[in-house]
Structure formats: C-alpha cells, structure tokens
Amino acid sequence: MSGTDLESLLRELAPQVLGAVVRRYGNFDIAEDAVQEAMLAAATQWPSEGAPDNPKGWLITVAARRLTDLLRSEQSRRRREDTVARWELPTRQPEPANSPADSDDTLILLFMCCHPALSPSSQLALTLRAVGGLTTAEVARAFLVAEGTMTRRITRAKQQIKHSGIPFRLPASEERAERLATVLHVLYLIFTEGYAATAGPRLHRIELSTEAIRLTRMVHKALPDDGEVAGLLALMLLTDARTAARTTAAGELVPLAEQDRSLWNSDDIAEGVALITSALPRGTVGPYQLQAAIAAIHDEAQSTQQTDWPQIKALYELLLQTSDNPMVALNHAVAVAMADGPAAGLERVQTLAKEKQLAEDHRLYAVRAHLLEMTGDTPGAREAYLAAARRATNLPQQRYLNRQAARLDDADNDSDKSALWLIN
Amino acid sequence: MKYMILTYASQHDYDGMAGRGTDQPAWSPEEFAAMGAFMEAFNTELVEAGELVETRALAAPVHTRRLGAQHGVAFVTDGPYAETQEVLAGYWIVECDSFDRATEIAGRLAACPAPEQVTANAYADVRPIMESAAEITY
C-alpha cells in the first residue's frame with residue numbers, strides 16, 4: 001500500500017472509527033484524542049508491518065484501549081484534585097446487532113462538530129479534525145495559525161460539546177433540516193476558505209477545497225436524496241473545475257470571460273452537471289442547487305457570448321427570493337446587463353449603490369466599471385476600476401483591477417476583452 | 001521568549017505592489033509572484049521549526065481609520081497618512097530562544113525578492129514582547 005493510499009484509507013476510516021468508539025463509550029472529547037492516536041499508530045506501524053485484515057476493527061480496538069488509558073489517567077488526576085470521578089471506564093460490551101451504517105456515524109459526527117453553540121471558526125476546525133481526520137498541525141497550517149492556537153481552539157470546542165451534553169445520535173427530525181443547513185454552510189465555508197484566501201498574495205489553498213469536496217461527498221453518500229446536499233457538491237465541483245484557468249502561472253487573476261476553457265476539468269464538470277440535473281426536478285429547489293445550476297450554465301458554455309444569460313438572470317431572480325445577500329443582487333445586475341444590455345444593468349447597480357452594505361464594496365465598483373466599459377464610456381470605466389482597486393484589500397484582486405484601468409489607459413479599443421471578474 | 005518582527009511600507013509601496021505606478025513603477029506579475037513564493041516558504045519554514053506564533057499582512061494604509069480626540073472633541077479620520085509615509089505593513093510574532101535568534105529570522109527577510117527601488121531602502125524592526133502584566137507594572 002502506497003503512502004497516499006494509506007493516508008486516504010485512514011482519513012476515510014477516521015469518522016467511522018470515532019463514531020463507533022463514541023457510540024460505545026461516550027466521552028466524545030477524549031475519544032477524539034484516542035482515535036487520533038490510533039491513526040498515528042497505524043500510520044507508523046502499517047507501512048512496515050503491513051495493514052491488518054480488518055483495518056477498521058484494528059483502529060477501533062487500539063482507540064478503545066487508548067481511551068481506557070486516557071480515562072484512567074483523567075480519573076486519577078481528578079481524584080488527586082479531590083473531585084469525584086464521574087466516568088465509567090469502558091467495561092461495557094460493544095453494542096451488538098442493529099449497529100447503524102458507517103455513513104450515519106459520519107453524519108452524527110458532522111452534526112456534533114457543527115453544533116450551533118460553537119463559533120464558526122471552531123466548527124470548521126473541529127470538523128476538519130474529527131470528521132476529516134486531519135491532525136491539529138495540518139488544520140493549523142491550512143488556516144495559517146500556530147499549532148498551539150489551533151490546539152486551544154479545538155480543545156475549547158470539544159469542552160463546549162462535552163458540557164452541552166449533546167447525545168451521540170442524529171438530531172430529532174424536526175430540528176434536523178435546520179442543523180443540516182449549518183453543516184452544509186460549514187462545508188461551504190471550508191471550500192471557500194480554500195478557494196480564495198481573504199488576504200495576502202496567495203489565492204488558492206487547494207488542500208481545503210479538496211477536503212471540503214471529500215467531506216461533502218461523504219454527506220451525499222449518507223443522504224443521497226437530499227437535493228441541497230447534491231446541489232452543494234455540484235456547486236463545489238463546478239467551481240473547482242475552473243481552478244487551473246483562474247490564475248496565470250504568475251498567480252494573476254483571470255476573469256471568466258478570458259479564461260482558457262480547455263483548462264477546465266471536464267470530469268468535474270460532467271459530474272457536477274449530472275448531480276444538479278438529477279437533483280433539480282426532485283423537489284424544493286434551495287440556494288445551493290440554484291447556484292450550482294448557474295455554475296453549470298457557465299461551465300457548459302463555449303464562451304461568454306454563447307452563455308445563456310436570460311436563464312442565468314432567471315436563476316438569480318429565484319436566488320434573490322431565498323437570500324438577501326448583496327452579492328447575489330450584484331451578480332443579478334451583471335446577468336441583467338448581459339441579457340438586456342448594459343444600461344439595464346447599470347440601473348440595477350445604481351439602486352444597489354444606495355444600500356449601505358454595498359455602497360463602499362469594491363465589487364460594486366468593479367461591476368460598474370465593467371458595465372460602463374460595455375456602454376463605451378472608457379473614462380468612466382477607467383475611473384471606476386481605479387475606485388474598485390482602492391477599495392479592495394486582496395492584492396491579487398487589486399492587481400487585476402489596476403490592470404484593467406491601465407488597459408483603458410493604453411487604448412480606447414479592444415472593449416470586447418472586457419472582464420466579467422465578479423462571476424469568476 | 002516572544003518577539004515581534006515589524007515591516008513597513010507607504011501607500012505608494014502598496015500601490016506599486018497592487019500594480020499601480022506612482023512615483024515608483026508598478027510591480028510586474030513575476031515580481032509579485034516571487035514575493036508571494038518567498039513569503040510562503042519563509043512562513044512554512046517558521047511553522048515547521050515551531051517558531052511561528054502568528055503572522056499577518058495589513059491592508060493598505062488608505063484603509064486605516066484613526067480615532068482620537070482634539071480639544072476634548074472625538075474624531076474619526078479615514079486614511080490619516082500621507083501617501084509616502086511609511087507605516088506598519090505586516091508583522092510576525094515568533095517564539096524562540098533568544099533576541100539574537102529573532103534577529104536572525106528577521107534578517108532573512110532581506111532576501112525577499114522585490115523591485116530594486118523597494119529593496120534599496122527596506123528595513124524591519126524586532127521588538128521583545130512583554131509576557132505578563134508584571135512586566136508593565138512597577
């Protein structure tokens with residue numbers, strides 16, 4: 001077994017093993033440490049001694065043994081601290097029969113890690129460690145913080161779960177839909193964190209978007225009939241498919257209209273399109289499905305000119321009914337401009353500029369610049385690109401916007417090359 | 001011991017990095033990418049050595065908001081700095097054995113690739129961080 005195969009096997013088994021251990025012995029916080037140690041033992045022993053016939057059983061046994069040790073030392077520490085030891089050592093036999101499917105355990109863990117009592121940053125970190133099987137050091141690196149900081153964040157999150165007394169089972173059905181929405185939002189945040197870092201020179205953090213896709217796949221496997229889960233997975237695949245075309249070798253942003261579409265990943269597009277196509281007719285269409293449908297139209301078009309803009313406009317109008325997100329409104333304005341002409345789009349932008357949330361947002365200025373350029377108002381467009389660049393804080397985006405302004409400096413021609421940066 | 005390494009830049013330096021020429025030329029894509037690659041390697045090495053506590057880059061000085069009072073009247077100013085005034089641009093907090101080791105780390109920033117007009121006058125400061133309230137009270 002190669003190192004990569006071993007790693008993906010362990011990462012796949014991690015939530016199943018943790019689920020099985022917590023189901024039998026409780027103590028989520030300590031069990032989580034025990035499972036990490038069991039995984040570490042496997043990673044060091046299996047390459048030299050060979051993987052056992054039943055890797056999952058091996059991991060559960062080792063983790064349970066480690067859990068016993070950890071609980072014992074915790075108990076004696078507590079006795080020393082003159083506190084009554086509260087926990088039962090794991091003497092119970094594993095629960096027989098009707099043991100639920102592994103995919104259910106993965107789901108239960110996700111629901112725990114994305115508990116609404118936790119802050120979003122704790123939800124992200126704990127999900128990546130307990131469900132994703134990443135080590136604390138790996139999670140810390142993905143978020144560019146010190147390992148000690150991440151250790152404290154994860155420990156605190158586990159303490160909160162412990163004190164909240166959440167039982168290890170799926171939430172009651174009436175609250176499940178709401179909780180699932182939180183889980184999907186956390187997975188989406190992990191994905192976007194990987195897709196565009198909010199500051200600094202580096203634009204892609206590939207590991208996190210890949211991890212988000214892997215975790216969303218697991219949820220899709222557990223809930224194959226849920227349209228929003230399928231929609232989120234499709235959205236991630238259809239967005240991730242453009243990664244190679246989205247920046248130049250030197251790391252400069254390339255807007256959608258100028259991307260080399262032959263660099264798009266056709267396997268991801270095919271899978272995303274198939275997912276969203278089968279999800280859409282099934283029932284209520286939620287925001288992830290709508291966004292995936294929009295991404296699918298872009299991904300299947302040969303060029304910006306050949307894109308079905310009236311359809312995209314209609315989808316944004318549906319999306320606007322489910323969300324008051326100002327970025328949705330801004331993207332809708334772009335679609336209006338592409339479907340009905342730049343003047344109609346600019347009118348929408350004018351209206352949006354009166355809203356406090358967007359009035360100083362660089363993206364509003366970037367869209368205005370683009371639409372002004374479409375109308376042929378080169379000086380106005382140039383001014384708006386510069387205004388957008390001044391308001392952006394992300395350096396690659398600033399570089400992109402300044403490049404657009406400089407392009408209009410050089411020549412008043414070539415306005416075809418204008419940029420649809422926003423829906424990049 | 002913890003130390004803070006501080007680097008400085010003016011609004012014009014930021015504009016150059018963001019691809020906009022002022023009294024100094026804009027950075028080319030290659031120059032910008034080279035700096036990004038250097039910083040990533042530099043930070044990764046510090047993480048792996050267990051010496052990095054935290055590092056951040058600050059947005060351009062123009063995004064600063066200053067709060068204060070003048071003759072007892074509170075004020076808020078957007079972008080209080082002159083275009084060429086050098087202000088804090090980024091920092092690293094490192095935890096290492098000695099002031100000399102922190103200085104050595106900061107010294108490696110001199111190797112960061114950048115256009116000549118930037119490297120010609122670049123500098124960084126290293127300052128010890130007070131660890132407890134006891135260090136700031138008498």
Side-chain angles (χ1 to χ4, degrees), chain A residues 135-153 197-207 247-254 359-362 382-383 385-410, chain B residues 2 7 9 11-22 25-65 78-79 83 89-96 112-114:
Chain A
T135 65
T136 305
E138 286 167 329
V139 181
R141 239 175 110 158
F143 290 98
L144 267 185
V145 299
E147 195 176 340
T149 309
M150 193 49 80
T151 306
R152 282 190 294 279
R153 191 179 294 171
T198 47
R202 198 178 164 199
L203 207 66
H204 294 303
R205 280 197 257 164
I206 292 186
E207 305 80 359
T247 48
T248 65
E252 304 270 292
L253 273 175
V254 184
E360 281 304 303
D361 195 300
H362 72 276
R382 185 180 167 280
E383 211 38 58
Y385 277 126
L386 287 175
R390 270 197 304 277
R391 284 168 177 82
T393 52
N394 176 316
L395 277 170
Q397 287 173 357
Q398 278 184 293
R399 288 186 64 81
Y400 167 74
L401 293 162
N402 280 322
R403 205 163 73 228
Q404 297 309 314
R407 178 172 55 78
L408 298 182
D409 265 350
D410 299 341
Chain B
K2 290 198 184 84
T7 55
Q11 182 60 42
H12 278 184
D13 294 329
Y14 271 88
D15 286 340
M17 248 192 309
R20 185 167 160 252
T22 51
W27 293 37
S28 72
E30 293 70 27
E31 285 168 331
F32 185 69
M35 181 202 62
F38 175 89
M39 287 302 181
E40 207 178 310
F42 180 79
N43 291 335
T44 304
E45 221 173 288
L46 283 178
V47 168
E48 276 164 6
E51 291 176 316
L52 184 70
V53 177
E54 149 117 345
T55 178
R56 292 285 159 180
L58 302 186
V62 71
H63 293 291
T64 308
R65 259 182 208 165
D78 278 323
E83 295 272 296
Y91 68 84
W92 287 258
I93 295 176
V94 294
E95 185 159 24
C96 54
C112 179

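Just so it is clear, the model here is predicted, and its values are computed rather than measured. Below, read A as the first sequence line, B as the second, and so on, with proteins coming before strands; counting in each chain starts at 1.
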For the [atom1] atom of [X] and the [atom2] atom of [Y], what is their distance to the nearest 0.5 Å?
{"X": "A:Glu252", "Y": "B:Phe32", "atom1": "CD", "atom2": "CZ", "result": "7.5 Å"}
{"X": "A:Thr248", "Y": "B:Glu30", "atom1": "OG1", "atom2": "CD", "result": "8.0 Å"}
{"X": "B:His63", "Y": "A:Glu360", "atom1": "NE2", "atom2": "CD", "result": "10.5 Å"}

So, for [X] and [Y], which heavy atoms are closest and what is the spacing to 0.1 Å?
{"X": "A:Asn402", "Y": "B:Ala18", "value": "ND2-O, 2.7 Å"}
{"X": "A:Thr149", "Y": "B:Val53", "value": "OG1-O, 4.3 Å"}
{"X": "B:Met17", "Y": "A:Leu395", "value": "SD-CD1, 4.1 Å"}

Given a strict heavy-atom distance threshold of 4.5 Å, which part of [X] is in contact with chain A: side chain, backbone, both, or neither?
{"X": "B:Ser28", "result": "backbone"}
{"X": "B:Ala33", "result": "both"}
{"X": "B:Glu48", "result": "side chain"}

Under a 4.5 Å heavy-atom cut-off, does chain B meet the side chain of A:Ala392, its backbone, both or neither? backbone
Heavy-atom pairs under 4.5 Å with chain A: which of B:Asp15, B:Thr44, B:Ile93, B:Val62 has the most? B:Thr44
Would you confirm whether A:Arg399, through its side chain, and B:Trp27, through its main-chain N or O, come within 3.5 Å as a donor-acceptor pair?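 The answer is yes, because a donor-acceptor pair under 3.5 Å joins these two groups.
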